[in-house]
Structures are given as structure tokens and as C-alpha cells.
Amino acid sequence: MPNSLYLVQFKQLTELLVEYQWLWRPMPMAHARLPWSSCPELCEWLSTLDISQAAQWKAAPNQVAEQLAKWWPALAAIPRLTDVPEAKMAAVAMDERLGVGVPGRKWAQIRAYLSAVPTQPSTQRYLEWCAGKGYLGRAVAASTPARVDSLEWQQALCEQGQAYAEQHQLPIQFHHLDAFSEAALSVIHRCDHALALHACGDLHVHLLRQAVAADLNAISVSPCCYQLITGKTYQP
Ligand SMILES: C[S@@+](CC[C@H](N)C(=O)[O-])C[C@H]1O[C@@H](n2cnc3c(N)ncnc32)[C@H](O)[C@@H]1O
């Protein structure tokens with residue numbers, strides 16, 4: 001599909017989401033009562049669902065759209081507007097033993113992420129930004145000849161990640177640092193390719209700014225929690 005058609009699709013989806021934000025914006029677990037009092041039929045339907053039925057609906061978002069379209073016909077467009085072809089990705093050969101102890105979904109994310117990240121043989125140092133225990137970094141260190149600098153502010157996670165790297169002789173160096181500190185800048189500057197998986201809100205925005213300023217060869221981010229920012233609105 002030409003890019004201009006994606007733009008139309010994206011614009012339509014954005015408009016729909018904005019118009020119906022009162023429907024999807026309420027935070028799960030944050031309300032003592034269902035927060036859609038303007039639509040008693042919706043609340044009544046939701047109240048009839050048991051946990052397993054709720055799980056089935058959760059696994060079938062297009063059917064949810066169909067159901068909601070009974071009350072708001074415009075929502076019938078959601079399956080079409082969210083339908084985009086999947087990116088073709090080259091499978092990365094990974095030693096599955098590295099995934100031992102990594103939660104299943106996390107390992108699947110890492111696989112998909114690495115399959116999508118363009119790698120260059122000239123890369124000597126990867127930066128793993130807000131690394132947690134360094135699950136991503138270990139997969140990178142094991143599947144490329146490059147070194148990995150993993151930055152994380154929780155000391156216990158740094159210690160666990162470093163211990164794993166040493167035990168498995170992986171070229172990973174943890175840095176126990178605040179991502180917003182001056183010291184973190186020098187770690188960014190020494191790397192060629194910055195990686196960030198689930199660096200929330202301002203953490204990935206800061207990386208994007210600093211990695212551009214440091215003129216890194218490549219930046220590959222897959223962020224989350226865009227609302228965790230000090231500013232009022234997120235600037236994509
Ligand atoms: C959602 S976790 C993602 C961890 C890992 N990248 C993953 O995908 O499993 C975000 C991580 O960012 C770290 N973090 C939060 N604020 C930070 C900061 N100011 N500096 C460095 N790391 C930070 C947290 O401790 C946490 O490990």
C-alpha cells in the first residue's frame with residue numbers, strides 16, 4: 001500500500017481514538033465502579049462477564065469492536081483501521097539457553113525486537129538503555145561480535161545482570177547509573193548503536209535526544225508508557 005494511504009488510515013484511526021477516548025482512557029484497576037455511566041447498557045453487559053469470558057474477549061479485539069459497534073456504529077471501522085501488514089523480519093539465530101529464567105513473553109519480545117533491528121558488522125559497542133537485568137543485552141552479546149554497555153539504575157538488577165554475564169562469559173558491562181545523569185552521557189558517547197526495549201516515557205525521549213546529540217550510528221527503540229513524562233504532552 002502506498003504511504004499516502006497509510007497516512008489516511010492513520011489519520012482516521014487517530015480521529016476515532018480521540019473522539020472515543022472517554023471509552024478507552026479510564027485506567028484499569030483504578031475505579032471502584034465502571035466509569036461509563038453514560039452507557040448503562042455497556043456497564044450491564046460488562047457486569048455479566050465472568051473472568052474466563054472477559055479473557056476470551058480480551059483475546060479477540062476485533063470481536064470487541066463489533067460488540068461495541070452495536071452502541072457506537074463508528075467503532076465497526078476499528079478492525080479495518082488497525083489492519084496493517086506485518087513487517088517481514090529475518091529470524092535471528094539465538095541460543096535458547098539464554099532465555100532460561102526469562103519470562104516467556106519477554107523472550108518472545110526480545111526475539112521479535114532483534115529480528116527487526118538492523119545490525120551492522122561495523123558496530124563495536126551496543127548500548128542497552130534502562131536494561132533491567134539485561135535480558136536483551138545478553139541476547140545481543142551472544143548473537144553479535146560486539147560488546148554491550150548496559151545502563152540501569154537499580155543496583156540489584158545491575159549486580160544480577162553482571163553476574164550472569166560473567167558466568168556465561170558474555171562481553172557485557174553494566175553501569176549502575178541514572179539515565180538522566182552526566183555520567184550516563186559518557187556511556188552513550190562511547191557506543192555505536194543504542195538499544196532500548198521498554199524504556200518508559202522520558203527515559204526513551206532522553207535517549208533519543210542524547211544519542212542524536214552524540215551522533216550515534218544507530219538508535220533502535222521500542223518504548224512504552226508514553227504518559228510517564230514530566231511535560232504535559234508527549235512529543236513524538
Ligand atoms: C520497564 S523496565 C525495562 C527493562 C528491560 N529493558 C526489559 O525490557 O526487560 C524499565 C527499566 O528502567 C529502569 N529505570 C527507570 N528509571 C531509570 C533511570 N532514571 N535510569 C536508569 N534506569 C532506569 C528501571 O529500573 C527498569 O529496570
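First listed ligand is number 1; within each ligand, the first listed atom is number 1.
A search for ring pair (Phe, Tyr, Trp, His ring centres under 6.0 Å) contacts involving Phe10 returns nothing, not counting sequence neighbours. Remark: Trp36 engages no residue in a ring pair (Phe, Tyr, Trp, His ring centres under 6.0 Å) (not counting sequence neighbours). Applying the side-chain contact (heavy atoms from CB on, under 4.5 Å) rule to Val18 yields the partners Thr14, Gln21; only residues at least two apart in sequence or on another chain are considered.
A distance of 6.0 Å or more separates the ring centres of Trp72 and Trp24.
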Every pair of nitrogen or oxygen atoms between ligand 1 and the protein that is under 3.5 angstrom apart - can you list them with their distances to 0.1 Å?
from     : atom 1 : to     : atom 2 : distance (Å)
ligand 1 : 6 (N)  : Cys130 : O      : 2.9
ligand 1 : 6 (N)  : Leu197 : O      : 2.8
ligand 1 : 8 (O)  : Lys106 : NZ     : 2.8
ligand 1 : 8 (O)  : Leu197 : O      : 3.2
ligand 1 : 9 (O)  : Lys106 : NZ     : 3.0
ligand 1 : 19 (N) : Asp178 : OD1    : 2.9
ligand 1 : 20 (N) : Ala179 : N      : 2.8
ligand 1 : 22 (N) : Trp153 : N      : 3.4
ligand 1 : 25 (O) : Glu152 : OE2    : 2.6
ligand 1 : 25 (O) : Trp153 : NE1    : 3.3
ligand 1 : 25 (O) : Gln154 : NE2    : 2.8
ligand 1 : 27 (O) : Glu152 : OE1    : 2.7
ligand 1 : 27 (O) : Glu152 : OE2    : 3.4

Apply the test side-chain hydrogen bond (donor to acceptor under 3.5 Å, both in side chains) to residues Glu166 and Gln162: give CA-CA distance (whole Å), side-chain angles for both, the deciding distance (0.1 Å), then the verdict.
CA-CA 6 Å; Glu166 281 161 23; Gln162 194 63 57; 3.2 Å; yes

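Exactly one residue among Leu195, Val187, Ile219, Asp192 makes a side-chain contact (heavy atoms from CB on, under 4.5 Å) with Leu127. That residue is Val187.
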